[in-house]
Amino acid sequence: MVNEKVYRNYLAILKEEMVPAMGCTEPIALAYGAARAREVLGAEPEKITAYCSGNIIKNVRCVVIPNSGGLTGIPAGVVLGAVGGDASRNMEVLEHVDDAARARTRELLAKEICHVEILDSPVVLHFILEMTAGDDTVSLEIKYDHINVTKIIKNGEVLLDRDETGEQTEEADRNLLNLEDIKEFSDTVALEDVKDLLDAQIRCNMTIAREGMTGRYGLGIGRVIRESYSDDMLTRMRSLTAAASEARMGGCDLPVIINSGSGNQGIACSVPLIVYAREMELPEYSLYRALVFSNLLTVYQKLYIGKLSAFCGAVSASCASGAAITYMVGGSLDRIKKTIENTLANIPGIICDGAKISCAAKIAASLDAAFLAHHLAMNNQGYAPYTGILQEETSETISCVGLIGKEGMKETDKEILKIMIEH
């Protein structure tokens with residue numbers, strides 16, 4: 001069993017990461033920031049300037065904002081948050097938006113009160129909102145994490161200034177994460193310590209998966225997969241997981257339990273396991289422990305990549321799902337490592353070109369690769385070290401993939417944003 005420090009730390013990580021959020025997390029972050037800024041301003045804003053890092057722009061441009069009546073884009077998210085948002089609800093800030101707020105938002109958008117500018121910042125998750133009403137002005141800054149307000153200034157007076165020097169703004173120490181301890185913790189954690197978190201993840205993420213299967217969002221990818229492929233385990237896993245993502249990207253107002261700041265990652269690291277466990281009629285405790293493993297392994301991988309990158313997070317979360325299936329059926333640590341390595345040998349090159357409904361297709365493709373990796377591992381087959389980017393140890397491979405995503409793909413990220421803005 002892991003020591004008490006690691007045990008408490010891992011529990012804290014799960015509680016910090018597994019939180020409910022409506023819609024794509026970047027427009028929701030903007031709405032949250034706008035709701036907070038409006039509270040400080042004390043009046044409806046007459047003018048707003050949103051200074052946004054490239055990754056914020058990339059991830060807000062194409063998704064439908066929940067409870068907005070079909071609106072998209074940064075101005076829509078900011079104005080809707082300022083008019084109808086409830087900042088006390090955090091990542092569910094738009095939960096109680098009503099018809100009057102939607103109508104007022106459209107009026108203000110028609111008046112073009114919100115102007116967007118690119119924020120030149122080394123921090124990938126970074127934006128500043130400046131609001132004015134009459135003679136009053138408020139500036140609010142969010143950095144590193146979606147609701148991590150680092151600075152508030154009203155009429156030149158600094159009300160809050162708690163800027164951090166690094167991205168580790170959470171209380172739990174993610175540097176304690178490692179594969180061996182994640183497995184040991186998953187094996188031994190008292191289920192009453194995680195049951196509420198996991199029940200919420202199962203309930204929320206499966207509810208939106210079923211909603212996505214109605215075909216009312218995007219291309220109806222879940223139904224297409226279900227109707228076009230053989231009726232087997234992988235088809236059911238891929239269809240429901242992709243459907244959940246597509247509904248979320250398409251503006252569904254149902255919450256999901258996120259992971260590493262991403263709803264798609266929260267979906268991809270949980271829904272496949274839930275489907276698998278139910279299809280195989282595995283005991284509830286087996287699913288719970290596998291979900292603990294999958295959620296922590298996703299966080300572990302994203303520790304090296306960062307919350308936003310040109311590297312598609314569906315790869316990390318799907319890799320975690322594949323490894324967690326190996327774990328759930330009693331696979332050894334060696335087979336779990338083989339599953340991870342087999343996945344990362346296959347699909348380390350999927351780019352993130354912003355949040356949108358086609359993220360669902362990337363999840364479906366990533367799960368296909370992860371399930372193949374699982375079957376190879378269960379047959380004691382794994383790619384050899386130094387095959388491509390694979391290293392001697394699985395932890396080294398994970399860190400190398402993170403290095404590619406965080407540092408190596410910086411120029412890729414710039415080119416993706418350039419293409420999206422100019423075309």
Side-chain angles (χ1 to χ4, degrees), residues 14-32 55-56 58-68 72 77 81 89-95 125 145-147 197-198 200-213 217-218 221-222 238 240-274 291 294-295 298-299 301-302 305-309 311-318 320-321 350 352-364 366-367:
L14 291 173
K15 290 175 181 176
E16 289 177 2
E17 296 288 359
M18 297 174 64
V19 297
M22 287 177 59
C24 179
T25 49
E26 279 70 55
I28 292 299
L30 288 168
Y32 170 82
N55 271 268
I56 294 292
K58 185 176 75 171
N59 282 340
V60 179
R61 188 168 181 256
C62 300
V63 291
V64 179
I65 300 163
N67 263 352
S68 70
T72 62
R89 297 295 295 152
N90 294 333
M91 296 296 283
E92 295 177 283
V93 59
L94 301 179
E95 183 180 19
L125 201 168
D145 201 5
H146 292 82
I147 56 173
L197 286 173
L198 300 176
Q201 188 172 54
I202 293 167
R203 181 178 63 255
C204 291
N205 295 5
M206 289 304 293
T207 298
I208 199 170
R210 288 189 289 269
E211 173 65 17
M213 287 299 290
Y217 304 90
I221 189 172
R238 293 171 71 229
L240 279 160
T241 310
S245 169
E246 193 170 50
R248 177 176 166 270
M249 297 286 95
C252 178
D253 59 6
L254 291 170
V256 302
I257 302 300
I258 67 175
N259 184 297
S260 300
S262 164
N264 278 343
Q265 288 163 196
I267 288 167
C269 78
S270 62
V271 173
L273 305 184
I274 300 163
L291 285 171
S294 186
N295 278 285
T298 300
V299 176
Q301 293 177 84
K302 292 294 290 184
I305 299 171
K307 290 193 184 297
L308 299 177
S309 167
F311 186 93
C312 178
V315 173
S316 304
S318 296
S321 267
I350 298 180
C352 173
D353 53 342
K356 59 210 170 308
I357 59 170
S358 64
C359 292
K362 295 183 181 186
I363 288 174
S366 297
L367 286 176

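In this chain, numbering begins with 1 at the start of the sequence shown. Values in this document were obtained by computation on a predicted structure and should not be read as measured data.
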K.L.:
Please enumerate all residues that pass side-chain contact (heavy atoms from CB on, under 4.5 Å) together with Ala320, with sequence neighbours excluded.
P.N.:
Ser294, Leu297, Thr298, Gln301
K.L.:
Measuring only between side-chain heavy atoms, which start at C-beta, is Met18 closer than 4.5 Å to Leu198?
P.N.:
yes
K.L.:
Check the pair Gln201, Cys204 against side-chain contact (heavy atoms from CB on, under 4.5 Å), reporting the backbone distance first and the verdict last.
P.N.:
CA-CA 5 Å; Gln201 188 172 54; Cys204 291; over 6 Å; no
K.L.:
Which heavy atom of Tyr217 sits nearest to which heavy atom of Gly250, and what is that distance?
P.N.:
CD2-O, 3.9 Å
K.L.:
Please check if the side chain of Asn67 supplies one atom and the backbone of Glu95 the other of a donor-acceptor pair under 3.5 Å.
P.N.:
yes
K.L.:
So do Ile28 and Val93 actually touch side chain to side chain, heavy atoms under 4.5 Å?
P.N.:
yes
K.L.:
For Asp253, what residues pass the salt bridge (charged side-chain N to carboxylate O under 4.0 Å, His left out) criterion, not counting sequence neighbours?
P.N.:
none
K.L.:
For Leu254, which residues count as a side-chain contact (heavy atoms from CB on, under 4.5 Å) partner, sequence neighbours excluded?
P.N.:
Thr207, Ile208, Glu211, Cys252
K.L.:
Checking side-chain contact (heavy atoms from CB on, under 4.5 Å) for the pair Thr72/Lys356: CA distance, chi angles, key distance, verdict?
P.N.:
CA-CA 11 Å; Thr72 62; Lys356 59 210 170 308; over 6 Å; no
K.L.:
Walk me through it: do Met91 and Thr25 pass the test side-chain contact (heavy atoms from CB on, under 4.5 Å)?
P.N.:
CA-CA 7 Å; Met91 296 296 283; Thr25 49; 3.5 Å; yes
K.L.:
List the residues meeting side-chain contact (heavy atoms from CB on, under 4.5 Å) with Ala243, not counting sequence neighbours, and say none if there are none.
P.N.:
Met213
K.L.:
In a table with atom names and distances, give each donor-acceptor pair under 3.5 Å that connects a side chain of residues 266-274 to protein atoms at least two apart or in another chain.
P.N.:
unit_1 : atom_1 : unit_2 : atom_2 : d
Ser270 : OG     : Asn205 : ND2    : 3.0
Ser270 : OG     : Gly266 : O      : 2.7
Ser270 : OG     : Ile267 : O      : 3.3

K.L.:
Return the set of residues passing side-chain contact (heavy atoms from CB on, under 4.5 Å) with Cys24 (not counting sequence neighbours), or none when no residue passes.
P.N.:
Glu26, Pro27, Val63, Arg248, Met249, Ala355
K.L.:
Considering non-hydrogen atoms only, spot the tightest contact between Ser309 and Lys58 and give its length.
P.N.:
O-NZ, 3.3 Å
